[in-house]
There are 2 protein chains.
Amino acid sequence: MDRRQQKTRMAIFNAFADLLAEKSYSKITVQEIIDRANVGRTTFYAHFETKDELLRALCDQLFGHIIGSAADCTHTHGLYCDGNAPESVFCHLLQHLQENDNNILGLLSCESSELFLRCFKDSLNELIKDQFVNQNRKVNRDIPPDFLINHISGSFVEMVLWWVKGRMKQTPEELDRYFRAVIEPVL
Amino acid sequence: MDRRQQKTRMAIFNAFADLLAEKSYSKITVQEIIDRANVGRTTFYAHFETKDELLRALCDQLFGHIIGSAADCTHTHGLYCDGNAPESVFCHLLQHLQENDNNILGLLSCESSELFLRCFKDSLNELIKDQFVNQNRKVNRDIPPDFLINHISGSFVEMVLWWVKGRMKQTPEELDRYFRAVIEPVL
DNA sequence: TTTAATACCGAACATTTTGTTCTCTTTTAT
DNA sequence: ATAAAAGAGAACAAAATGTTCGGTATTAAA
């Protein structure tokens, strides 16, 4: 990809992320984005057809990294409650989120957080499903695996939302402990 | 309230709900709403300042009923796992959702579902919090009550979303059983 | 280093959507 | 019956969207 393209793409991403942290998605105009990104109108539409597509691209970029590293983690440590390992994938995820504080969590705490969370949850779902399939875990037989997978990823995402909205007073390790406490009994 | 106002308000609500089931929120224009509702432009703006306000009003109306009747239910039956009652508030909620199929679940399955779910979850949170406070339940002491409340309402909402997206193959009673199975061990 | 491709700019433009203002008619409550 | 309120409808300004064009600068590849 052309360096110029990379630069403008990044400029647009950054401008958009900044704006999302300030105001709600629906109130952001293309004009504001290109003004802040300092690119021409034509350029914007050459990269993204709509504002929606821009958002999707931003989500893909942001969560691509996080989920990617989490996937690596699962391949070595397993998903979660393999005995009492001090670190679960979920702890890893939370730490990663906290490190990229300014980037990701800023967006999660804004009015448009739901859009990101859905994107996040979709990725999480894949991650967990893989583990369920690979490990052939013996789970609660009365409950469909699909339900359980959704329950885990859903609970996680809701927890993150709760965490961020409460100004992240807990440490990732603390949260991980809580999360295990409400998920492990179910498996 | 004037009968005319009620009528136009309803006409706008219905038109809007119809449109939400067809296309995403951001792509719906005021023009489309008033065309379908068959009201004048001026009239629309006399009732709602913005499209966002319309959405909020619609949410309030839809979930007001459901949560209201659920609240009644909790006052007599308690929140949830008081022994092994065949019906929990959550089952009641699910049944109620299924009954109002065309109204509410249609909206939940559309692209704008997140907006409704957040609204729904907020209401649920209140419901659960009340019960926690009133009953002075002895819950898991290692976990903050706030976390638990959020976990319950969050899991419920995610479950409903999963249910709707999977075309509601399960009965409310079935879902209730699953939900109890993943929540009761935690309390 | 030259060259051809292409990404960008900026300005102008048509189109769409928004939100307001006006007059006139219909409906409502009393 | 009447005054108050609500809606219709058209016309309007303003803002936002999305496209087209010719000219400039950057890039990758020869």
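Reminder, nothing fancy here: chain letters follow the sequence lines and each chain counts from 1.
- A sub-4.0 Å separation between OP1 or OP2 of C:dA7 and a side-chain N or O of A:Gln5 is present.
- The CG-C1' distance, from B:Leu54 to C:dG19, rounds to 15 Å in whole Å.
- A residue-by-residue look at B:Gln6 and A:Asp2 shows that B:Gln6 has its nearest nucleotide of DNA chain D further toward the 5' end.
- Checking the phosphate oxygens (OP1, OP2) of C:dT17, no side-chain nitrogen or oxygen of B:Thr29 falls inside 4.0 Å.
- Classified by interplanar angle (parallel below 30°, tilted 30° to 60°, perpendicular above 60°), the ring pair A:Phe147/A:His151 is parallel.
- In this pair, B:Phe63 and B:Phe120 present their aromatic rings parallel. The plane angle is below 30°, not in the 30 to 60° band.
- The interatomic distance linking A:Arg9 (CZ) with C:dC8 (C1') rounds to 16 Å, in whole Å.
- For A:Thr8, a side-chain nitrogen or oxygen approaches OP1 or OP2 of C:dC8 to under 4.0 Å.
- Comparing C:dC8, C:dA11, C:dC22 by their nearest atom to the side chain of A:Thr42 picks out C:dA11.
- When each of A:Ala46 and B:Glu49 is assigned the nucleotide of DNA chain C bearing its nearest heavy atom, the one mapping closer to the 5' terminus is A:Ala46.
- A salt bridge links A:Arg180 with A:Asp176: the distance from a Lys NZ or Arg NE/NH1/NH2 to an Asp or Glu carboxylate oxygen falls below 4.0 Å.
- Put simply, the side chain of B:Arg41 and the base of D:dG9 share no donor and acceptor less than 3.5 Å apart.
- With hydrogens and angles left out, the side chain of A:Arg4 and the base of D:dT27 share no donor-acceptor pair within 3.5 Å.
- Residue A:His47 places at least one side-chain N or O closer than 4.0 Å to OP1 or OP2 of C:dC8.
- At a cut-off of 3.5 angstrom, counting only N and O atoms as typed in the model, there is no donor on one side facing an acceptor on the other between the side-chain of A:Arg3 and the base of D:dT27.
- Judged by distance alone, the side chains of A:Asp35 and A:Gln31 do bring a donor and an acceptor atom under 3.5 Å apart.
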